[in-house]
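All residue numbers in this chain count up from 1 along the given sequence. Predicted model, so just to flag it, every value in this text is computed and none were measured.
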Amino acid sequence: MEDIKAVIKELEDLEKELQFEHFDSEDALKIGMALIDEAKKRNNKICLDISIAGRRLFHYSSDGNAASNDVMIERKKNTAMYTGHSSLWAHYMLKDMRMTIAEKWNLDPSEYAQVGGAFPIRLRNCPTVIGTITVSGFPHTTDHGIIVDVLRSLKVDD
């Protein structure tokens, strides 16, 4: 049986670990291309979006993806921006509370998703989330995991 509170704490620790000194279009390009390469290594299609301050810096959708992947990207992004945490954090927080996104935060489930795949972009010494890195195409925990794997491989704090 999974310890949900421990998972939530681990997700919060990841968000602290994977912060940036700066973030610009070149960072988005580097991360986006690395995510595409990682999806290809895993023999999977991917849809991804990297946005800051309401501005889309990178978007990609593999051939054969359904339009629903783009819709899910927006829903996941909305959740991460609303909560200030990863959408996987929101998933487990709601699971722990035995509530839906509509019950807890009065959010429309057609606009917000309670599944993993959106990771917050945070700058060190900045108290707010400035954007998101969002993936759709894998199971939702893997969507989250591929972002973490890529960010760690790129050593985001360098």
Side-chain angles (χ1 to χ4, degrees), residues 1-20 23 27-52 56-101 104-105 107 109-122 129-158:
M1 182 170 164
E2 119 188 290
D3 181 352
I4 293 175
K5 291 192 186 321
V7 172
I8 291 168
K9 171 78 168 85
E10 181 181 322
L11 292 169
E12 290 169 351
D13 290 345
L14 274 174
E15 291 174 17
K16 289 176 187 158
E17 172 193 344
L18 299 173
Q19 293 184 11
F20 297 84
F23 200 94
D27 296 314
L29 178 61
K30 182 177 173 183
I31 293 166
M33 295 305 292
L35 284 165
I36 293 166
D37 288 344
E38 186 61 29
K40 287 178 181 177
K41 286 180 196 169
R42 298 180 189 201
N43 295 314
N44 206 61
K45 293 181 267 188
I46 192 170
C47 183
L48 69 103
D49 179 276
I50 302 173
S51 297
I52 58 170
R56 180 169 283 156
L57 301 181
F58 190 96
H59 187 88
Y60 175 82
S61 185
S62 300
D63 289 338
N65 269 343
S68 60
N69 288 105
D70 288 294
V71 172
M72 187 56 80
I73 288 276
E74 294 305 313
R75 291 175 60 215
K76 292 176 181 188
K77 279 172 43 176
N78 290 345
T79 299
M81 289 305 296
Y82 181 84
T83 63
H85 291 282
S86 72
S87 59
L88 190 60
W89 175 92
H91 167 80
Y92 282 107
M93 182 62 69
L94 292 165
K95 186 175 181 177
D96 186 49
M97 300 173 99
R98 294 187 165 99
M99 297 179 85
T100 66
I101 206 158
K104 171 65 179 156
W105 294 306
L107 298 175
S110 70
E111 305 262 336
Y112 295 83
Q114 60 186 77
V115 296
F119 195 86
I121 298 171
R122 294 179 183 275
V129 171
I130 64 163
T132 55
I133 301 167
T134 311
V135 168
S136 181
F138 293 90
H140 80 109
T141 54
T142 306
D143 282 344
H144 177 89
I146 192 173
I147 296 167
V148 170
D149 291 348
V150 164
L151 292 179
R152 281 184 167 155
S153 75
L154 296 175
K155 298 178 184 172
V156 296
D157 59 349
D158 290 340

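- Residues passing the ring-ring contact (aromatic ring centres under 6.0 Å, His included) test with Phe23 are Phe20, sequence neighbours excluded.
- Here CG of Leu35 is found 11.5 Å from OH of Tyr60. Values are rounded to the nearest 0.5 Å.
- Checked by atom type and distance alone, the side chain of Lys76 pairs as donor or acceptor with a backbone atom of Val135 at under 3.5 Å.
- Counting heavy atoms from C-beta outward, Pro120 and Ser86 have side chains that approach closer than 4.5 Å.
- For the atom pair CG of Asp143 and CD1 of Ile73, the computed distance is 7.5 Å after rounding to the nearest 0.5 Å.
- The structure places CG of Leu14 at 10.5 Å from NZ of Lys9, a figure rounded to the nearest 0.5 Å.
- Of all the heavy atoms in Ala80 and Ser87, the pair that sits closest is CB-N, 4.3 Å.
- If you run side chain to side chain contact (heavy atoms under 4.5 Å, CB included) between Ile31 and each of Ile36, Leu57, Ile50, Leu48, only Ile50 comes through.
- Remark: side-chain polar atoms of His91 are not paired, donor with acceptor, to backbone N or O of Val115 under 3.5 angstrom.
- Closest non-hydrogen pair, Ser51 versus Ile121, comes out as O-CD1, 3.7 Å.
- The pair Arg122-Glu12 fails the salt-bridge criterion, with no side-chain N (NZ, NE, NH1 or NH2) lying under 4.0 Å from an Asp/Glu carboxylate O.
- Partners of Glu111 by side-chain contact (heavy atoms from CB on, under 4.5 Å), not counting sequence neighbours, listed by chain and number: Asn78, Asp108.
- When every heavy atom of Val148 is checked against every heavy atom of Phe119, the shortest pair comes out as CG2-CE1, 4.1 Å.
- No side-chain heavy atom of Leu18 sits less than 4.5 Å from a side-chain heavy atom of Ile147.
- Taking each heavy atom of Gly84 and Val129 in turn, the nearest pair found is O-CG2, 3.4 Å.
- Ring planes of Tyr82 and Tyr112: perpendicular class, angle over 60° (limits at 30 and 60°).
- Between Asn65 atom CG and Met72 atom CE the span is 12.5 Å, to the nearest 0.5 Å.
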Inset, instruction - Could you give me the CA-CA distance, side-chain angles and deciding distance for Val150 and Ile133, then say whether side-chain contact (heavy atoms from CB on, under 4.5 Å) is met? - result: CA-CA 11 Å; Val150 164; Ile133 301 167; over 6 Å; no
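- Side chain of His144 to main chain of Gly117: no donor-acceptor pair is present (N/O by atom type, distance under 3.5 Å, no hydrogens or angles).
- We find the CG-OG distance between Asp70 and Ser61 to be 5.0 Å, quoted to the nearest 0.5 Å.
- When all heavy atoms of Ala34 and Leu154 are compared, the closest pair comes out as CB-CD1, 4.1 Å.
- To the nearest 0.5 Å, atom CD of residue Glu74 and atom OG of residue Ser136 are 11.0 Å apart.
- Exactly one of Thr142, Asp37, Asp149 qualifies for a side-chain hydrogen bond (donor to acceptor under 3.5 Å, both in side chains) with Arg42. That residue is Asp149.
- Between the side chain of Asn44 and the backbone N or O of Gly137, at least one donor-acceptor pair lies under 3.5 Å.
- Remark: side-chain polar atoms of Arg75 are paired, donor with acceptor, to backbone N or O of Pro109 under 3.5 angstrom.
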Inset, instruction - Output, in order, the C-alpha distance, side-chain angles, deciding distance and verdict of side-chain contact (heavy atoms from CB on, under 4.5 Å) for Gln114 and Lys104. - result: CA-CA 11 Å; Gln114 60 186 77; Lys104 171 65 179 156; over 6 Å; no
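- Residues passing the side chain to side chain donor-acceptor pair (under 3.5 Å) test with His85 are Glu15, sequence neighbours excluded.
- In this structure, Thr83 and Ala90 approach most closely via the heavy-atom pair CG2-CB, 4.2 Å.
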